[in-house]
Amino acid sequence: MFRRLGRKPEPITADLWCTVRTRVPWVTALDEVRDARLRELASRFLHEKTISPVGGLVLDDGQRCMLAALCCLPLLEFGAEGLHGWSQLIVYPDAFRVNRNHVDAAGVLHEWEDELIGESWELGPLILSWADVLADCEDPRAGFCVATHEIAHKLDVLDGALDGTPPLPRPWQREWASDFQRAYDALAKRVDAGRDSAIDGYAAEAPEEFFAVVTEYHFSDPALLRREMPKVAAHLERFYGRSPFA
C-alpha cells in the first residue's frame, strides 16, 4: 500500500457535511470517530475524482458530497488506497442503457441492450444512476446500495483480478475465498433450482457480483446477511468495519 503525495485536499465545510448527515442515513448512523474518517475520505474523493453529471443532470455541492460519502463508505477501514486506479464518476439522471454483444461457441454474434443503475469499468470510470442513489437513501434498509456495490467492484480489481476477492493478507485471502465460494455455490444451486432466496438472486451471476451484492447487504441489511450467511457476514465486518446499521 502507498499514499499519494501532493497538496492536502480541502476539508468539506461543516455546513456541507451537515447536509450529508441529514440526507445520507448511513452517515447519520456513524459514531463520531468514523464520521470524521468518512469526512476526510470524502474530501479526498472530491479532490481526486471528477464527478460528471450527464443527460441534463445538474448536481450542487451538497449532492456531490453525498456521492463522495456513499462511495467512501466501503473505505472506512481499507482507507484511501481504495480510490486508486480510476479518476471519474459519471452520474446519469436515471437508469441508463448500454449495448452488449457476445459471440457464442458456434461463432454467432448476439447483441442486446441492458438497462443498468450502476456500472464499474475495470480500467475506467464508475457510473451511477442518481435516481437510484436517492432511492437507496430514502429506503436505506431495503438491502440495496448501488454506490457500495460498484465500489466493491473497484476494491475487488485492485489485486489485478475481478474475482470476488479484494486485496487481503494471504492467510485471510485463503479463508475468504473458501467461505465465499461455498456460500456462492450454495446460492447458485438454490437459484438454479428455482427456489426462493432471501439474498438477491443476482448475486449468483458470478463471484464478483456475489461480493458486490453481499456488500450491499452488509451496509443495508446486516442482520439478514448474518442470518443467511454468517461466515460471509463476519468477513465483511472485518473488511469494512461494523455496519452503520448493525
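When reading the values below, keep in mind they use all heavy atoms of this one structure, side chains included, and skip hydrogens, waters and symmetry mates.
- Heavy atoms only, all atoms of each residue included: Leu128 and Ala147 are closest at CD2-CA, 4.0 Å.
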Using a 3.5 Å cut-off and no angle test, enumerate the donor-acceptor pairs between side-chain atoms of residues 236-246 and protein atoms at least two apart in sequence or in another chain.
| from | atom 1 | to | atom 2 | distance (Å) |
| --- | --- | --- | --- | --- |
| Tyr240 | OH | Thr215 | OG1 | 2.8 |
| Ser243 | OG | His218 | O | 2.7 |
| Ser243 | OG | Phe245 | N | 3.2 |

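- A donor-acceptor pair is defined here as one N or O able to donate and one able to accept, closer than 3.5 Å; such a pair exists between the side chain of Thr22 and the backbone of Cys18.
- Using cut-offs of 30° and 60° for the angle between ring planes, the Trp172 and Trp176 rings count as perpendicular.
- Annotation: the span from Trp121 atom CH2 to Leu126 atom CG amounts to 11.5 Å, rounded to 0.5 Å.
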What donor-acceptor contacts under 3.5 angstrom involve side-chain atoms of residues 131-141, with partners at least two apart or in another chain?
| from | atom 1 | to | atom 2 | distance (Å) |
| --- | --- | --- | --- | --- |
| Asp132 | OD2 | Ser129 | OG | 2.7 |
| Asp136 | OD2 | Val146 | N | 2.8 |

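- Sorted by first then second residue, the salt bridge (Lys or Arg N to Asp or Glu O under 4.0 Å) pairs that include residues 178-196, not counting sequence neighbours, are Asp179-Arg182.
- In terms of the side-chain contact (heavy atoms from CB on, under 4.5 Å) criterion, residue partners of Val91 (sequence neighbours excluded) are, by chain and number, Ile51, Leu57, Leu59, Leu67, Leu89, Trp130.
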Steps toward salt bridge (charged side-chain N to carboxylate O under 4.0 Å, His left out) verdict (Glu32, Arg37): CA-CA 9 Å; Glu32 185 176 342; Arg37 192 182 305 161; over 6 Å; no
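- A donor and an acceptor atom, one from each side chain of Gln88 and Trp86, are nowhere located under 3.5 Å apart.
- Cluster note: Val58 groups with no other residue, as no ILVMFWY side-chain heavy atom lies under 4.5 Å from it.
- Tracing side-chain contacts under 4.5 Å through hydrophobic residues (I, L, V, M, F, W, Y), one reaches Leu83 starting from Ile12; they form part of the same cluster.
- Pairs engaging residues 221-232 under the side chain to side chain donor-acceptor pair (under 3.5 Å) rule: none recorded [sequence neighbours left out].
- Of all heavy-atom pairs between Ala42 and Trp17, the closest is CB-CZ3, 4.0 Å.
- Side chains of Tyr217 and Asp200 form a contact here, defined as non-hydrogen atoms less than 4.5 Å apart.
- For Leu70 against Cys145, the heavy-atom pair with the smallest separation is CD2-SG, 4.3 Å.
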